[in-house]
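Here is the structure we will look at.
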Protein chains: 2
Amino acid sequence: MSNIRKIAKAAGVSIATVSRYLNGTEHVSDEVKLKIQKVIEEVNYKPNALARAVFTKNSKTIGLMVPNISNPFFNQMSSVIEENANNNGYNILLCNTDDDIEKEKKYLDVLQSHRVAGIVVARSKCKEEYGNIDIPIISFENHISDEIITVSSDNYSGGKIAFEHLYESGCRRILHIKGPKCFEATEERYRGFLDAAKEKNLEIDFIEFETDFQVEMLKENIEKLKRINKYDGIFVFNDIAAATVMKFLKMNNTKIPKDIQIIGFDNSFICELLHPSLTTINQPIQELGKATIEILIKLINNEKIPIKDYLMEVKLINRGTTIL
Amino acid sequence: MSNIRKIAKAAGVSIATVSRYLNGTEHVSDEVKLKIQKVIEEVNYKPNALARAVFTKNSKTIGLMVPNISNPFFNQMSSVIEENANNNGYNILLCNTDDDIEKEKKYLDVLQSHRVAGIVVARSKCKEEYGNIDIPIISFENHISDEIITVSSDNYSGGKIAFEHLYESGCRRILHIKGPKCFEATEERYRGFLDAAKEKNLEIDFIEFETDFQVEMLKENIEKLKRINKYDGIFVFNDIAAATVMKFLKMNNTKIPKDIQIIGFDNSFICELLHPSLTTINQPIQELGKATIEILIKLINNEKIPIKDYLMEVKLINRGTTIL
DNA sequence: TTGAAAGCGCTAACAA
DNA sequence: TTGTTAGCGCTTTCAA
């Protein structure tokens with residue numbers, strides 16, 4: 001690949017002039033402009049963004065850490081993040097942590113080395129590691145420390161809404177299938193669900209899944225699901241797990257929603273593909289991604305913004321797995 | 001963020017020594033090592049990968065261009081790519097093209113500017129634009145030019161296998177729901193399916209979907225699906241579209257596989273979640289991703305390898321939507 | 001409007 | 001084993 005010196009030489013000007021042409025920082029005469037333009041096109045020159053970043057200390061890159069890009073919720077969110085980052089002139093360095101603390105640490109080093117302008121980390125497992133990092137950070141879905149902004153759906157309210165809908169739909173023997181204890185988001189859903197049930201003086205039973213997404217989800221949890229027929233309403237911590245539960249019920253000829261009503265969480269594309277369509281709690285993924293990047297960019301630009309939780313509103317999407 | 005000069009000064013050594021310590025290129029005395037180590041930890045110094053890349057001309061970054069990371073097949077493949085790249089010390093710069101030629105062009109410039117070591121582009125829409133790029137490239141799923149290696153599943157054979165299974169399962173009134181004309185992969189599936197049908201002297205009907213994945217897939221194509229009840233076997237170009245078809249059939253109380261048998265393509269996680277489970281053609285996603293990165297890295301390391309198609313074997317996954 | 005030169009943070013050749 | 005120095009490709013100050 002060519003460099004600015006060769007371009008300058010070929011165009012018969014100084015490198016400073018080429019730089020000015022490239023960045024449009026100062027006026028360059030039309031005559032010189034044309035000459036430079038011609039050379040650049042001839043050799044297909046692209047200015048070295050790395051060298052530029054070394055000098056300007058602005059890599060125009062955002063590090064995105066997610067559990068895994070193949071996880072349906074996080075890949076949707078990554079898509080929105082990418083879009084918004086791109087619209088603001090930022091590129092994405094992709095990191096899959098696999099919910100593994102060591103991988104996250106390793107990638108954290110990589111992102112610092114690459115001098116990313118900002119970091120979005122979804123469902124972080126680290127705490128102190130973020131203490132002495134001088135790069136703006138947004139934590140998605142859970143809390144790292146008091147100094148780091150969290151962006152998240154209002155999972156607690158989501159849990160409440162789920163309960164209320166089940167209750168109003170006539171369910172009284174209710175089960176909650178909850179996510180792994182280490183996930184803040186699903187713990188909040190659980191908490192909201194439980195609190196809403198308490199208000200109605202209703203006891204809730206629980207089953208816990210060990211992961212939020214995996215191909216073998218049914219197989220892994222089939223033992224736990226054996227006795228769910230005695231309930232008339234189930235709130236599942238996400239849509240994929242809800243689909244797994246539905247599959248189990250169908251295999252046992254249980255009628256949904258007649259025998260058992262179900263509510264999922266996320267409103268992912270799978271909801272409409274299931275039969276009946278899955279009633280769920282919508283996470284406003286567009287707003288979530290947009291807010292995350294907007295706040296991060298403000299942080300990058302040294303704007304002062306309140307360090308607090310940014311909680312996005314969720315809502316019920318009423319479909320076929322509930323009666324009401 | 002600190003820099004090598006400050007570290008050297010604080011440790012009382014030269015920057016060359018610090019550099020040698022960082023890279024382990026030459027021996028550094030234990031005493032000096034300890035001093036440097038201490039300073040580095042104190043200030044949480046991370047060597048600037050950008051500056052390093054400017055000099056070494058090796059960014060250790062791979063540009064990954066996919067239609068969209070939220071597309072179930074491509075996010076799975078991205079996950080495998082990331083894993084393999086990471087195992088080889090490479091990071092991923094993520095680019096969503098949205099199947100948009102202008103976005104792809106723009107990102108191609110970005111990747112060149114960032115001096116990525118190599119590029120993986122899935123389902124490229126550009127041709128000439130790749131002509132004068134001096135970065136190793138692997139094209140995933142379709143052909144760009146004679147100089148660029150293509151890695152792909154054997155989609156043609158997949159189509160054939162799908163037909164044969166439907167035929168052996170007794171289907172004689174067969175429909176193929178094909179993907180958009182512009183997708184090489186689905187065109188190959190179509191071609192294989194058609195050729196296999198010809199061998200049995202069977203006429204096949206066709207419906208074409210405009211996209212391979214979107215949330216509103218059923219709504220968009222509902223008119224086209226109105227007359228599919230007259231068939232006894234359907235091969236759908238991918239699993240998500242197959243799920244859409246199944247949903248339509250269930251809404252009309254058509255029994256699967258009794259009335260209509262269905263085969264999808266990809267073997268994505270959704271297959272096991274559907275009821276009945278979807279018979280499909282497996283794409284060996286692990287092998288695909290592994291091969292892609294292995295070949296790309298050979299290219300990066302200037303190893304000579306044949307410029308040809310690398311076609312990975314597909315196979316039938318027999319589940320509940322077919323009788324046999 | 002342009003050029004010379006210094007410097008961003010790093011590596012590596014050369015010398016000691 | 002270590003230090004000095006040139007140079008990677010770029011931006012920006014200063015002077016013309």
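Values below: every heavy atom of this structure, side chains too, minus hydrogens, waters and symmetry copies. In the text below, chain A, chain B and the rest are named by the order of the sequence lines, each starting its count at 1.
Here C:dG3 is the nucleotide among C:dG3, C:dT1, D:dT11 with the atom lying nearest to any side-chain atom of A:Thr17. Residue B:Ala16 places its side chain closer to D:dG3 than to any other of D:dG3, D:dT1, D:dG9. Relative to the side chain of A:Arg52, the nucleotides C:dT2, D:dT2, D:dC10 differ in distance, and D:dC10 lies closest.
Across all strands shown, B:Tyr21 has no heavy atoms under 4.0 Å from either base or sugar-phosphate atoms.
Judged by distance alone, the side chain of A:Asn96 and the main-chain N or O of A:Asp98 form no donor-acceptor pair under 3.5 Å. Between the A:Thr61 side chain and the A:Ser59 main chain, a donor and an acceptor come within less than 3.5 Å of each other.
The phosphate of C:dT11 has OP1 or OP2 within less than 4.0 Å of a side-chain N or O from B:Ser19.
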Pull out every protein N or O sitting under 3.5 Å from an N or O of nucleotides 6-8 of chain C, one pair per line with the distance.
| unit_1 | atom_1 | unit_2 | atom_2 | d |
| --- | --- | --- | --- | --- |
| C:dC8 | O3' | A:Lys57 | NZ | 2.9 |

Using a cutoff of under 3.5 Å, can you pull out all pairs of nitrogen or oxygen atoms linking the protein to nucleotides 14-16 of chain C, with atom names and distances?
none

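Geometrically, A:Arg123 engages A:Phe183 in a cation-pi contact, judged by NZ or CZ lying under 6.0 Å from the ring centre and within 45° of the ring axis.
The shortest side-chain heavy-atom distance between A:Phe140 and A:Val66 does not fall under the 4.5 Å cut-off.
A salt bridge links A:Lys105 with A:Glu102: at least one charged nitrogen is closer than 4.0 Å to a carboxylate oxygen. A salt bridge is absent between B:Lys125 and B:Asp100: the closest approach of a Lys/Arg side-chain nitrogen to an acidic carboxylate oxygen does not fall below 4.0 angstrom. The existence of a salt bridge linking B:Lys308 and B:Asp146 is excluded, since no basic side-chain nitrogen approaches an acidic carboxylate oxygen closer than 4.0 Å. The pair A:Lys38-A:Glu42 meets the salt-bridge criterion, since a charged nitrogen lies less than 4.0 angstrom from a carboxylate oxygen. Contact check on B:Lys290 versus B:Glu294 returns a salt bridge, with a Lys/Arg side-chain nitrogen under 4.0 Å from an Asp/Glu carboxylate oxygen.
Atoms CG (B:Leu50) and P (D:dC8) sit 18 Å apart, rounded to a whole Å. For the pair A:Ile4 CD1 and C:dG3 P, the computed distance is 12 Å after rounding to whole Å. Between the P atom of D:dT11 and the CD1 atom of A:Ile7 lies a distance of 13 Å, rounded to the nearest Å. Look at CG on A:Leu22: it is 6 Å from P on D:dT11, rounded to the nearest Å. Between the CD atom of B:Gln112 and the P atom of D:dG9 there is a distance of 16 Å, rounded to whole Å. Here the C1' atom of nucleotide C:dT2 and the CD1 atom of A:Ile36 are 10 Å apart, to the nearest Å. Here the C1' atom of nucleotide D:dC10 and the NZ atom of A:Lys6 are 15 Å apart, to the nearest Å. One atom, NE2 of B:His27, and another, P of D:dT2, lie 11 Å apart when rounded to the nearest Å.
Nearest-nucleotide positions on DNA chain C for B:Tyr45 and A:Val32 put A:Val32 closer to the 5' end. Comparing B:Thr56 and A:Glu31 by the nucleotide of DNA chain C that holds the closest heavy atom to each, the one mapping nearer the 5' end is A:Glu31.
For the residue pair A:Ser79/B:Asn68, the side-chain donor-acceptor check at 3.5 Å is satisfied.
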